[in-house]
Visitor: 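Just dropping this structure here.
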Amino acid sequence: MTTEQYDIKTNLKIGQEIFENLPNDIRPGWAGLVLSLFDHYIKDIPTTILELYPIIDAKDRWKEAHEQFTKIRVFGLENKNYKPENYLRLAELVAKVTYNASGQPAPFDSNSGHYIASLALKATEYFDDNRLEEEVKSAILLFSRNKKFKDNLTAAKDFLLYKKIDDILWFDWDPIGINDLAPRDEYQGYVPEIFGLVKAKAGRQEIANRLHKLETENMGMSGTIENCLTIADKILKAQ
C-alpha cells in the first residue's frame, strides 16, 4: 500500500471511515472540536463561526445550524480574500454535519462529514505549525482508536468531554504559560480530577476553587480565582 493511501489529506476513504464510525449524536461535538483547534491561531474569528459553537453545544439547537451554514457561506462570499479559505470551508462542513445530526427535513449531502478530516489537515498548512497539525490529527483520530464507541453513546460522550477538558486546561487555563513550548502532557495529570468533578455535577465555584488551588499550591503560581471561574464556565459549557 502506498503512502498516499494512508494519507488522511488525500485519501477521502479514510475520512469516510472515521466519520462513519462516529455515533450520530457525537458528530457535531467531534466536528466542532476539530474546528475549535484553529481558534488559537485565527486572529479575528468570524462572528458567524463563533455563533456556531453554542449551537453545537446544545442538541435542541442543532436545527439552527442550517441557517448558520448560510451565514458562514455569505461571509465567505463577501470576504473572498479571507485566509485561510479552507478554515471557512471547514466551518461550513461542521454546520452541515450539525444540522444533519438534528434529523430535520432537507438535510445536506450525507457525505459532508467525509471531507472534514482531509479539509482540516489541509487548513493547517496555512499556519505551517507542526503543533497545530498534530493537535488536529489527534482530534480527527480521537474515536478511531476504539471501535466500541460506535455502539456506546455514553462512553463516547464522556470520552469527548474528557478531551475537551484536556484542551481547555492546555490552551485556556495554562497557568504556567508554556503551551507554546512545553510537552503536550504538561497538565494532563489534572484532567481526571476535573473530569470527575464535572461528572459529579460540581458547580463553577467548586471547579474554579480546585483549579485555583492547583495553580497556587501545586505549581506555586499567582493565579486569580476570577480567571479560574472563567475556565470553569468554559469547562461546564463543554458538556
Side-chain angles (χ1 to χ4, degrees), residues 23 25-42 44-65 68 91 94-95 98 101-102 135 138-139 142-143 149 152-180 182 184-239:
D25 281 4
I26 290 296
R27 289 173 177 175
W30 169 81
L33 174 65
V34 173
L35 179 65
S36 70
L37 292 172
F38 291 89
D39 292 354
H40 310 284
Y41 291 80
I42 302 291
D44 295 306
I45 304 172
T47 301
T48 54
I49 293 180
L50 290 175
E51 292 172 345
L52 178 60
Y53 290 123
I55 295 173
I56 292 171
D57 291 339
K59 185 176 180 180
D60 60 352
R61 295 189 61 190
W62 287 355
K63 59 186 178 182
E64 299 174 31
Q68 204 61 37
V94 174
T98 302
S102 73
E135 289 287 345
S138 176
L142 193 60
F143 292 95
F149 293 121
N152 191 331
L153 182 59
T154 299
K157 286 182 176 179
D158 282 349
F159 193 58
L160 182 61
L161 174 61
Y162 192 94
K163 171 60 176 172
K164 287 181 178 180
I165 293 173
D166 177 34
D167 283 355
I168 291 169
L169 296 188
W170 177 246
F171 290 111
D172 302 296
W173 184 45
D174 186 26
I176 308 177
I178 52 171
N179 64 13
D180 60 342
R184 180 60 174 84
D185 62 357
E186 183 67 31
Y187 306 120
Q188 288 179 348
Y190 304 123
V191 179
E193 181 177 1
I194 303 303
F195 173 78
L197 287 174
V198 174
K199 293 296 293 180
K201 307 298 182 183
R204 67 190 294 259
Q205 190 66 57
E206 185 177 354
I207 294 173
N209 287 344
R210 185 54 189 156
L211 290 172
H212 190 241
K213 185 175 182 179
L214 287 172
E215 62 185 20
T216 56
E217 297 185 13
N218 291 49
M219 304 178 200
M221 306 302 293
S222 56
T224 67
I225 191 64
E226 289 76 17
N227 180 64
C228 290
L229 282 167
T230 298
I231 301 302
D233 286 338
K234 189 158 189 175
I235 289 172
L236 289 172
K237 287 179 182 178
Q239 296 182 81

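Values below: all heavy atoms of this structure, side chains included; hydrogens, waters and symmetry mates excluded.
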Visitor: Taking all heavy atoms of Ile207 and all of Ala232, pick out the closest pair and write down the distance.
Guide: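 Between these two residues, the closest heavy atoms are CG2-CB, 3.8 Å.
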
Visitor: How long is the straight-line distance from CG of Asn209 back to NZ of Lys213, given to the nearest 0.5 Å?
Guide: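 Reported value, rounded in 0.5 Å steps: 10.0 Å.
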
Visitor: Using atom types as modelled and distance alone, determine if a side-chain donor or acceptor of Asp166 lies under 3.5 Å from a backbone N or O of Tyr162.
Guide: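 Such a contact is absent between Asp166 side chain and Tyr162 backbone.
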
Visitor: Between Ile168 and Ala238, what is the shortest heavy-atom contact and its length?
Guide: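 Distance-wise, the nearest heavy atoms are CD1-CB, 4.2 Å.
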
Visitor: Do Asp57 and Lys237 meet the salt-bridge criterion of a basic N to acidic O distance under 4.0 Å?
Guide: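 Between Asp57 and Lys237 there is no salt bridge, as every charged N stays at least 4.0 Å from the carboxylate O atoms.
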
Visitor: The test is side-chain contact (heavy atoms from CB on, under 4.5 Å); show your working for Asn227 and Leu211 and say whether it passes.
Guide: CA-CA 10 Å; Asn227 180 64; Leu211 290 172; over 6 Å; no

Visitor: Any side-chain to backbone donor/acceptor pair from Ser138 onto Glu135? Under 3.5 Å, distance only.
Guide: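 No: the side chain of Ser138 does not pair with the backbone of Glu135.
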
Visitor: Can you tell if the side chain of Gln188 reaches within under 4.5 Å of the side chain of Leu169, non-hydrogen atoms only?
Guide: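 Gln188 vs Leu169: side chains apart.
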
Visitor: How far apart are the closest heavy atoms of Pro23 and Leu153, and which atoms are they?
Guide: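 Distance-wise, the nearest heavy atoms are CB-CD1, 4.0 Å.
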
Visitor: Give, for atom CG of Leu197 and atom CZ of Phe195, the distance between the pair rounded to the nearest 0.5 Å.
Guide: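 Spacing of CG (Leu197) from CZ (Phe195) equals 11.0 Å.
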
Visitor: Under 3.5 Å, side chain of Asp174 to main-chain N/O of Asn179, donor-acceptor pair present?
Guide: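 Yes: the side chain of Asp174 pairs with the backbone of Asn179.
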
Visitor: Taking the side chain as C-beta and beyond, is there a heavy-atom pair between Ile56 and Leu35 under 4.5 Å?
Guide: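 Of all side-chain heavy-atom pairs linking Leu35 with Ile56, none is under 4.5 Å.
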
Visitor: Please check if the side chain of Gln239 supplies one atom and the backbone of Leu236 the other of a donor-acceptor pair under 3.5 Å.
Guide: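 Answer holds: yes.
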
Visitor: Please confirm whether Trp30 and Phe143 have ring centers closer than 6.0 angstrom.
Guide: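 No, the ring of Trp30 stays outside the 6.0 Å limit from the ring of Phe143, centre to centre.
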
Visitor: Do Trp62 and Asp25 make a side-chain contact, defined as non-hydrogen atoms from C-beta onward lying under 4.5 Å apart?
Guide: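 They are in contact (side-chain heavy atoms under 4.5 Å apart), so the answer is yes.
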
Visitor: Could you grab the distance from atom CD of Glu51 to atom CD of Glu64, nearest 0.5 Å is fine?
Guide: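 If we round to the nearest 0.5 Å, Glu51:CD and Glu64:CD are 10.5 Å apart.
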
Visitor: Would you name the heavy atoms of Ile49 and Ala91 that are closest together and state the gap between them?
Guide: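 Reported closest heavy-atom pair: CD1-CB, 3.7 Å.
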
Visitor: When rounded to the nearest 0.5 angstrom, what distance separates CG in Leu50 from CD1 in Ile45?
Guide: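 One gets 5.0 Å once the value is rounded to the nearest 0.5 Å.
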
Visitor: Does the structure place the NZ or CZ of Arg61 under 6.0 Å from the centre of the six-membered ring of Tyr53, at an angle of no more than 45° from the ring's axis?
Guide: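 Not flagged: Arg61 not positioned over aromatic ring of Tyr53.
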
Visitor: Counting distance only, does the side-chain N/O of Ser102 pair as donor-acceptor with the main-chain N or O of Thr98 below 3.5 Å?
Guide: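 Judged by distance alone, no pair lies under 3.5 Å.
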
Visitor: Of all the heavy-atom pairs spanning Ala139 and Val34, show the shortest one and how long it is.
Guide: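 Heavy atoms only, the tightest pair is CB-CG2, 4.1 Å.
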
Visitor: What distance do Asp180 atom CG and His40 atom NE2 have between them, rounded to the nearest 0.5 Å?
Guide: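 Spacing of CG (Asp180) from NE2 (His40) equals 13.0 Å.
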
Visitor: Just so I know, are the side chains of Phe171 and Asp39 near enough to count as touching, which here means a heavy-atom distance under 4.5 Å?
Guide: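 Heavy-atom side-chain distance check fails, nothing below 4.5 Å.
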
Visitor: Give the intermediate values and the outcome of side-chain contact (heavy atoms from CB on, under 4.5 Å) for residues Tyr187 and Ile178.
Guide: CA-CA 10 Å; Tyr187 306 120; Ile178 52 171; 3.6 Å; yes

Visitor: To the nearest 0.5 Å, what is the distance between CD1 (Ile235) and OG1 (Thr230)?
Guide: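 Result: 11.0 Å between the selected atoms.
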
Visitor: What is the minimum heavy-atom distance between Trp173 and Leu214, and which atoms define it?
Guide: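 In terms of heavy atoms, the two residues are closest at CH2-CB, 4.0 Å.
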
